[in-house]
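Notes to accompany the following structure.
Below, read A as the first sequence line, B as the second, and so on, with proteins coming before strands; counting in each chain starts at 1.
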Amino acid sequence: MADPLVVMEGIEKSFPGVHALGNCRYDLNPGEVHALVGENGAGKSTLMKILAGVYQRDSGRIIYKGREVNIPNPRAAQHLGISIIHQELNLMPHLTAGQNIFIGREPRQAVKLFLDEKRMNELARELFDNLHMDLDPRTKIRDLAVAKQQMVEIAKALSFNAEVLIMDEPTAALNTTEIEELFRIIRQLRDRGVGVAYISHRLEELKQISDRITVMRDGKYVDTRRTSEVEIGEIISMMVGRTLYETARNLKDTSGHEVVLSVAHLQQGRTIKDVSFEARAGEILGFAGLMGAGRTEVARAVFGADPVQSGEITVQGRRVNIRKPSDAVRHGIGYLSEDRKRYGLALGMDVEANIVMATMTRFLGLLGIIRRAETRSTAQKFVSLLSIKTPGLGQITKFLSGGNQQKVVVGKWLVRDCNILFFDEPTRGIDVGAKSEIYKLLNDLAEQGKAIVMISSELPEILRMSHRIVVMCEGRITGELTAAEATQEKIMRLATQRESVVKTERIAAAGKGA
Amino acid sequence: MGDMAHAPQQRRRFLNSNATQRLLAFASLIGLIVFYSLASPNFFKFENMVAILIATAVTGILAVAVTFIIITAGIDLSIGTLMTFCAVIAGVFITMWHGPVIVGVLAAILMGGLVGLISGTFVSRLKIPPFIATLGMMYVAKGLSLIISGLKPVYFNDTPSFALIAMGSVTGAIIPGFNIPNAVIIFFAVALLSAFLLNRTILGRYTFAMGSNEEAVRLSGVNVDRWKTIVYMVGGLICGVAGVVIAARLNSAQPSLGQGYELDAIAAAVIGGTSLSGGEGTILGTVIGAFVMSVLVNGLRILSVPQEWQTVMTGVIVIFAVYADILRRKRA
């Protein structure tokens, strides 16, 4: 075996308030695909961004080709031969494929101001041919499908003579044929001696493409295994860990409760595929899945924020037509965005204004003047009801803590008499103490007979809170579990099921689930 | 299956391309010309065509300048008053200091470049939003014009050769009778040169690239701040040319003139398919856009539509053009 290309040891990294990586390691040999897996937030991308010079390590060593190196910026990484393809592609849509590849180092004419477009396109074509990619360097990026755009990124990375290629979730937006094509190219690179660091949380895929797998969890290194010697089940256990909340939960059986929201055959392109589910009064329905599984898209579609191609929504037994958020609100559906700051709150306005924001018309007096006494008393009521910690109703919401901001948003929807509430990642960016308050709040709301749909990427949270759990993967519901039967492993298995696998699994499970 | 999926995609691509917007602008230009020609015998005459060309020249040059900047996803509101400031500078050199005409012309153009460089620095290095930075610069340039000129127009009566820069005719000297004023020739020359810069040079490449995805350009190791500053400077230089042309045409630098020109220029660029969100635009489109606006007004005047209504119509055309652009984008 040749000497390793890259060895990373004892890597530590903190961001303000977060210890992102603790004592992490990773190594990469020439001519291998070494996958890096872990749950959302496990630190995979952070580790790789350190290797690519996007972030700086706090401590630890990086050894590249036997030499300890410092990688202060992406330029330096490229110079060493380390290229990264980010999850969000970094291309210029208005420029052609060739122009994108050679941005910043365009072939020039004798007079340096002038571009040598012909030569550039020849070079790009050589690159594509070399990789057996069927691409015209003169096509504009925005006219290419995502898969082809990615190939442009790969070609660009390799044009720096990269010996290490880092790919962050490269298959996230690709369909099966496109993935095959991508794998063909990856194998080709591998055979030429390029080391490929491959981040993914699609476990089936790793079996096909990787030589070794390193598992990370909560910013820590867990283990590295040869792909041929490890079962998917083992990897899942390593990803979720064994130490977690297996505490007995005291959840009522809600199967007899009235169905207040029923969604049938919701369909929208590749993001929502034939999604059907029901939410019952007094129940918390957990939506589990990995990032990009389509959970937020479903919630937004039901709420009327995004259009759908087809699907039926029934609220309290009545078929409803929801085309825009105001329709949803009229039918008592509220949606609490995962991005409170962007979609949930008017940050520059005070608590009172935010709480009555969705119900202003109710507080209008003669000539449209706001009846301040009433808005004040209403806001006051919900501040005490939800125990929002604020110095006063006049406090600007920007200055509240994350948990209290979340409560203000909840208050806003409660004033509106919403009976069905979608919570999208309700505890994201909230500290531990405030989390339990949000949990209590969700429980109380369910207790009062509201139907709660909770989208969460944190498995312990899903397991702890939900009466029932729906798991999504790639826009499709891959399974439904009751609180009693749900475990982290089962959820993770469903959450990583690709389409082809789902079908066989369905047969095996003999029609179990939705 | 591949073919079936391909065909509509190709079609859509064609509809979406900004060639469509240019085509639309060009079609409206032809439509306007045909309509006015039928409506009035006075429209399609050599003298009137020349009048339209002259009326378009100054706004057209400014529109070319602002096209560069809009493609980077920026905006420059200072171009109108900067033009005037450059005209005043020419007046200072030629009339007050009795310098040679050529020195005055160069000083005016270089002053445009300098002010553009300053605006560009504000935008790129100090990260002041282009709208604000150039709005401020608009007032500064206007104020300086008034201060330097002492609130009075500066006349170039002692240097008759100066006026020839705009109103002489090189073509008339070559082909007798074919008297296209130099102002128009300068406009076309500036447009050609700019189209060349945008399409064939590294400056043009980065102009589009920055407007398309600035972060990606930065990550590719391009010095985005420097190139953006240069784009604003190029815009300023072209404004300097506009300043010389308008001063020569009026045979004077009118310090109170200028404000409002920037809006005409931006409107022309937008009608011509330059996207305010950056990344796309062409000089040809901008030139067509500038003609759409001036032909519209010229024709209305010939039809004796009151000036107030001419202005209203211009507004309607701008809104229509931007809406067409939005529709096109939506389909994407």
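B:Arg218 has a carboxylate O that lies under 4.0 Å from a charged side-chain N of B:Glu215, or vice versa, which qualifies the two as a salt bridge. Ion pairing of A:Lys156 with A:Glu153 is absent here, as no side-chain N (NZ or NE/NH1/NH2) approaches a carboxylate O to less than 4.0 Å. A salt bridge does not link A:Glu180 to A:Arg184: none of the charged nitrogens lies less than 4.0 Å from a carboxylate oxygen.
Chosen from B:Val222, B:Thr201, B:Leu197, the residue pairing most often with chain A at heavy-atom distances under 4.5 Å is B:Thr201. Listed options B:Arg205, B:Met210, B:Glu214 were ranked by heavy-atom pairs under 4.5 angstrom with chain A; first place goes to B:Arg205. With respect to chain A, the highest number of heavy-atom pairs below 4.5 Å among B:Asn213, B:Ile202, B:Val217 belongs to B:Ile202. Note: A:Leu115 leads A:Val54, A:Leu113, A:Asn90, A:Leu115 in heavy-atom pairs under 4.5 Å with chain B.
Interface remark: A:Arg105 contributes backbone atoms only to the contact with chain B (heavy atom separation under 4.5 Å). The contact between A:Leu91 and chain B is made entirely by backbone atoms, counting heavy-atom distances below 4.5 Å.
Aromatic ring orientation, B:Phe187 versus B:Phe291: tilted (interplanar angle from 30° to 60°).
Checked against a 6.0 Å centroid threshold, the rings of B:Phe208 and B:Phe68 do not count as neighbours.
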